[in-house]
Number of protein chains: 2
Amino acid sequence: MQRIIYLNGEWLPEPDAKVSVFDRGFLMADAIYEVTCVLDGKLVDYDGHATRLQRSARELGVALPLTADDLLATHREIVSRNRIDQGMIYLQLTRGVADRDFVYPPEGTPPTLVMFTQAKNVLENAAAKTGIKVALLPDLRWGRRDIKTVQLLYPSMAKMEARARGADDAWLVEDGFVTEATAASAHIVTTDGVLVTRNLSHALLAGITRASILDIAATHGVRIEERPFTPAEAIAATEAFITSATNFVVPVVSIDGAKIGDGNPGALTHEFRQFYIETRRKTAI
Amino acid sequence: MQRIIYLNGEWLPEPDAKVSVFDRGFLMADAIYEVTCVLDGKLVDYDGHATRLQRSARELGVALPLTADDLLATHREIVSRNRIDQGMIYLQLTRGVADRDFVYPPEGTPPTLVMFTQAKNVLENAAAKTGIKVALLPDLRWGRRDIKTVQLLYPSMAKMEARARGADDAWLVEDGFVTEATAASAHIVTTDGVLVTRNLSHALLAGITRASILDIAATHGVRIEERPFTPAEAIAATEAFITSATNFVVPVVSIDGAKIGDGNPGALTHEFRQFYIETRRKTAI
């Protein structure tokens, strides 16, 4: 089925959804994005994504051209127009169209706002059952990973390099500590049953699913340590997993070829996933 | 005058030059670029730019859809169609259009190639006479700056921050050493008359104008040291300057408010600029 794309207030068939080659998103990666999961045709953790979008926009000094109400209404309309039951909504906001210049265009230049959907069976994710293998790669991304920008060339290169090494994804390492997966937060469970996840900073994105899992873990009395961890700690862990908007919780069963625990998905990881799905189905809007 | 844009083999009026929102250049900054200066309607240092373009394309695993001859012919045609006497040709190559995925699209996905011109009086550059003021800012860019990608958000942010500090541009600093300006190579001349420019590595772009100036300096018996230099060394220098395809050679007269030399453009800098322009007018094709 051909998708209906939202572009600057218009609803367009996929082949007509085009932007100027002078869009700063195209010429200079001067753009941010957000991905919201759709479950049962409803928006998962929407408030978290909308809040982070506003923060990213503020960091770049770009104003979102929709009110909070219109943003939510547009998310709902794109789900309905594309009949998405399970999948995701991708949203991208750029600084707009201007002749190429490192200096920002004048105040009042209209930003570009595009949204599209991807259908994906998020509940029946094979990786959630088998777990994924990750390769360790250096984190060569820019220094402000707390802003969700479209500067995704390196994560994409790292994903390809991980595959070339026989893994499914990469965990990125900087100054001896794991930062993130290529498009997900990285977590481990120590032999003492402590959930360790890196503390927030400019080095990583404040994952919305990460925050939800921390809430869930706290509710269940799991001890949490928010601090950087090393690849060696990760390899010595009992469980490892990633979280992201559309992957929810997916176990990591090996790191650079070394088995995590007994090499099978961890029990706590499984519980986190089940509880995440159960609670989000109830709270999706 | 409305420009004529080159896009995937077509010549289009500016308002019609559009790419799909699914272009990986737009969604993931999965794209490289090159800027070639036009002087007297001819291409300056063209071979250097064409060679670097091929290298960037190779590093990303994207094939340029034009032969070397066609690439040159297209550069000449865009100059002629847009009647450019002085200015620049901007070229961008992306991995093409595909549904959004960190995994590269299948082999054979056509890349996107776009070219446009900007008219600019490159000979009568006010900054070449007065010099520019630079502010020192941390270099937060990704780790493969030797590849000329469109991940230009940080250089753009740094340019704006430099202006907010009353400067014209920024020199970026990493691990205590200057890497580059936001869109140019950085150089100093020591009190001993030595031209110091950072050695090539993944930390900086192999500037085409930088290479030409090194040639010119060598021809004129100027001692050259290719090595990293600190902000303190730069501030203590007799002269400082930047080089880029469209700026040629432009003096830096202050760094973070500290005067370089007597605060006026340096004599060697002036000679480099004059000699660069003189020789390039002769060798432009």
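A note on names: the letters A, B, ... follow the listed sequences, proteins ahead of strands, and every chain is numbered from 1.
Interface check for chain A: of the options Ile5(B), Leu7(B), Leu152(B), the most heavy-atom pairs under 4.5 Å are formed by Leu152(B). Counting heavy-atom pairs closer than 4.5 Å to chain A, the top-ranked of the candidates Ala17(B), Gly61(B), Gly143(B), Pro15(B) is Ala17(B).
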Item checked: side chain to side chain contact (heavy atoms under 4.5 Å, CB included) between Val38(A) and Val44(A), worked out -> CA-CA 6 Å; Val38(A) 178; Val44(A) 175; over 6 Å; no

Checklist line | Working for side chain to side chain contact (heavy atoms under 4.5 Å, CB included), residues Leu153(B) and Leu60(A) | finding: CA-CA 9 Å; Leu153(B) 175 57; Leu60(A) 259 58; 4.1 Å; yes

Next item on the list: Could you walk me through whether Leu27(B) and Phe22(B) pass the side chain to side chain contact (heavy atoms under 4.5 Å, CB included) test, one step at a time?
Entry: CA-CA 6 Å; Leu27(B) 292 181; Phe22(B) 293 98; 4.2 Å; yes

Notebook entry, point to check: Stepwise, does the side chain to side chain contact (heavy atoms under 4.5 Å, CB included) test hold for Ile32(A) with Val150(A)?
Noted result: CA-CA 6 Å; Ile32(A) 53 170; Val150(A) 299; over 6 Å; no

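Take Phe177(A) and apply the ring pair (Phe, Tyr, Trp, His ring centres under 6.0 Å) test, not counting sequence neighbours, and it matches no residue.
Here the closest heavy-atom approach between residue Leu93(A) and residue Pro111(A) is recorded as CD1-CB, 3.8 Å. The shortest non-hydrogen separation linking Pro251(A) to Phe241(A) is CA-CB, 3.9 Å.
When heavy atoms are compared at a cutoff of 4.5 Å, Met160(B) approaches chain A solely by way of its side chain, counted from C-beta outward. Interface remark: Val114(A) contributes side-chain atoms only to the contact with chain B (heavy atom separation under 4.5 Å).
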Which side chain or backbone donor-acceptor pairs connect chain A with chain B at less than 3.5 Å?
residue	atom	partner	partner atom	Å
Arg3(A)	NH1	Asp99(B)	OD1	3.0
Arg3(A)	NH2	Asp99(B)	OD1	3.0
Ala17(A)	O	Val21(B)	N	3.0
Val19(A)	N	Val19(B)	O	2.8
Val19(A)	O	Val19(B)	N	2.8
Val21(A)	N	Ala17(B)	O	3.0
Arg24(A)	NH2	Ser156(B)	OG	2.9
Phe26(A)	O	Gln92(B)	NE2	2.9
Met28(A)	O	Leu152(B)	N	3.4
Met28(A)	O	Leu153(B)	N	3.2
Gln92(A)	NE2	Phe26(B)	O	3.0
Asp99(A)	OD1	Arg3(B)	NH1	3.0
Asp99(A)	OD1	Arg3(B)	NH2	3.0
Asp99(A)	OD1	Gln118(B)	NE2	3.1
Asp99(A)	OD2	Gln118(B)	NE2	3.3
Arg100(A)	O	Gln118(B)	NE2	3.0
Phe102(A)	O	Ser156(B)	OG	2.6
Gln118(A)	NE2	Asp99(B)	OD1	3.0
Gln118(A)	NE2	Asp99(B)	OD2	3.3
Gln118(A)	NE2	Arg100(B)	O	3.0
Leu140(A)	O	Gly143(B)	N	2.8
Gly143(A)	N	Leu140(B)	O	2.8
Leu152(A)	N	Met28(B)	O	3.3
Leu153(A)	N	Met28(B)	O	3.2
Ser156(A)	OG	Arg24(B)	NH2	2.9
Ser156(A)	OG	Phe102(B)	O	2.6

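Residues Phe248(B) and Leu39(B) meet the side-chain proximity criterion, which asks for heavy atoms closer than 4.5 Å.
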